[in-house]
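Structure record follows, encoded as structure tokens.
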2 protein chains.
Amino acid sequence: MTKSSTTVRQRIVAGAADMMSRRGLNATSIRETAKHARAPLGSTYHYFPEGKQQLVTEAVRYTGEWTAASLRRELEAGPVAGLGAFLALWRRIVVDSGFRAGCPVLAVSVEEPPTDEPPAALLAAADVFTEWENLLAGSLREHGVEPRKAAQLATLVVAAVEGTVAMCRAKRSPQPLDDTAEQLRDLILAAITD
Amino acid sequence: MTKSSTTVRQRIVAGAADMMSRRGLNATSIRETAKHARAPLGSTYHYFPEGKQQLVTEAVRYTGEWTAASLRRELEAGPVAGLGAFLALWRRIVVDSGFRAGCPVLAVSVEEPPTDEPPAALLAAADVFTEWENLLAGSLREHGVEPRKAAQLATLVVAAVEGTVAMCRAKRSPQPLDDTAEQLRDLILAAITD
DNA sequence: GTCTATACGAAGATAGAC
DNA sequence: GTCTATCTTCGTATAGAC
């Protein structure tokens with residue numbers, strides 16, 4: 001594998017994640033992802049021999065890792081800071097794209113694959129959600145929140161952010177994210193000062 | 001329009017909503033919705049002359065109305081009862097379908113249509129979210145929550161439920177919904193007893 | 001009014017030329 | 001190793017027979 005190959009591969013994955021977040025899983029075609037990365041169609045199947053399933057799974061994991069890294073970094077300043085960064089990250093993506101982009105992990109979680117059984121991309125999406133929840137829950141526990149409540153709050157935060165991103169897209173407004181942000185912030189503040 | 005026509009039409013709309021909630025917007029084809037309703041392909045275009053855009057828009061509104069009716073009914077017993085019914089409704093859909101069905105309104109909100117501009121289905125989705133929020137916010141205000149907080153809480157509830165439904169699908173578990181339910185319940189209880 | 005047959009495009013995937 | 005050309009299937013939509 002040459003150096004430029006690696007770069008093309010990464011461009012394809014990142015581009016696929018972006019397209020999935022806009023059009024959804026099914027409407028993101030291998031053809032278009034290749035064109036977007038200025039790579040011929042055949043190359044995509046060279047880099048991703050298992051086809052679309054492999055590409056979208058990597059796109060989900062890529063988004064998951066990228067977001068988790070940001071979350072991990074910001075959580076060092078505490079749960080409220082982490083929550084703020086998490087919300088700001090998605091707000092930027094939604095607003096900067098003119099309410100066209102969203103979360104590719106959510107896209108995968110909403111569209112059932114044609115085949116009957118355990119699609120790799122959906123399993124990856126579940127893992128990504130769990131990782132984000134674990135990061136948040138861990139930080140909450142470190143700040144005195146009891147484990148059960150920490151886990152529930154973490155789930156609520158991730159779910160609320162994902163749902164709000166979709167609502168902002170539909171309404172073409174950042175208002176839902178701002179409303180959710182304020183309520184979640186109060187909730188986390190109250191939890192860690194109990 | 002004959003009596004049986006109306007029935008077929010309704011079957012097509014309800015079937016489309018179900019398929020959208022499972023496969024997503026783009027993977028729900030007119031062909032399959034027709035087959036699902038045991039109607040020939042041509043009939044679908046007879047009932048929905050504007051094609052897929054019209055059908056999916058009606059499916060979104062159908063889901064919105066159906067859910068709003070349930071919400072309105074249960075909110076008569078107060079915000080906590082309304083929230084509980086709202087959560088129970090989606091929990092049933094997700095669990096009874098073996099984690100295959102979800103919310104068609106969310107599906108539409110996550111997938112950008114191929115064309116450039118204001119797709120009717122997305123506008124309908126935004127309206128549905130707003131209606132659900134308004135119902136919840138109204139009930140909260142009636143129970144003494146100040147308008148601004150009532151609106152923010154309502155947004156949080158709708159967003160969290162939508163996001164949690166998607167998470168349950170990905171994880172193939174009702175756990176996220178149960179966690180979210182408990183936290184939202186506490187939050188609403190605290191708000192109305194301030 | 002209901003439906004069959006079909007036009008046309010685009011999808012996923014692959015064969016095989018370079 | 002890289003890419004073009006193509007196979008097959010399925011999508012939306014419509015024309016026109018009953």
Between atom CZ in A:Arg9 and atom P in D:dG1, what is the gap in whole Å? 16 Å
Donor-acceptor pairs under 3.5 angstrom involving side-chain atoms of residues 120-133 of chain B: please list them, not counting sequence neighbours.
{"residue": "B:Thr130", "atom": "OG1", "partner": "A:Lys171", "partner atom": "NZ", "Å": "3.3"}
{"residue": "B:Thr130", "atom": "OG1", "partner": "B:Ala126", "partner atom": "O", "Å": "3.0"}
{"residue": "B:Trp132", "atom": "NE1", "partner": "B:Gly64", "partner atom": "O", "Å": "3.3"}
{"residue": "B:Glu133", "atom": "OE1", "partner": "B:Thr155", "partner atom": "OG1", "Å": "2.5"}
{"residue": "B:Glu133", "atom": "OE2", "partner": "A:Lys171", "partner atom": "NZ", "Å": "2.4"}

Determine whether a donor-acceptor pair (N or O, by modelled atom type, separation under 3.5 Å) exists between the side chain of A:Ser139 and the backbone of A:Leu136. no
Do B:Glu111 and A:Arg169 meet the salt-bridge criterion of a basic N to acidic O distance under 4.0 Å? no
Do A:His46 side-chain atoms and A:Gly42 backbone N/O form a donor-acceptor pair below 3.5 Å? no
Would you say A:His46 reaches D:dT2's phosphate, i.e. side-chain N/O to OP1/OP2 under 4.0 Å? yes
Could you state the atom-to-atom distance from NZ of B:Lys35 to C1' of C:dT4 in whole Å? 15 Å
If a protein heavy atom is under 4.0 Å from the base, mark B; if only from the sugar-phosphate, S; if neither, -; do that for nucleotides 12-18 of chain C going 5' to 3'. BBB----
Mind listing the side-chain donor-acceptor pairs of residues 29-39 of chain A below 3.5 Å, one per line with the distance, residues two or more places apart or on another chain?
{"residue": "A:Ser29", "atom": "OG", "partner": "A:Glu32", "partner atom": "N", "Å": "3.1"}
{"residue": "A:Thr33", "atom": "OG1", "partner": "A:Ser29", "partner atom": "O", "Å": "3.4"}
{"residue": "A:Thr33", "atom": "OG1", "partner": "A:Ile30", "partner atom": "O", "Å": "2.7"}

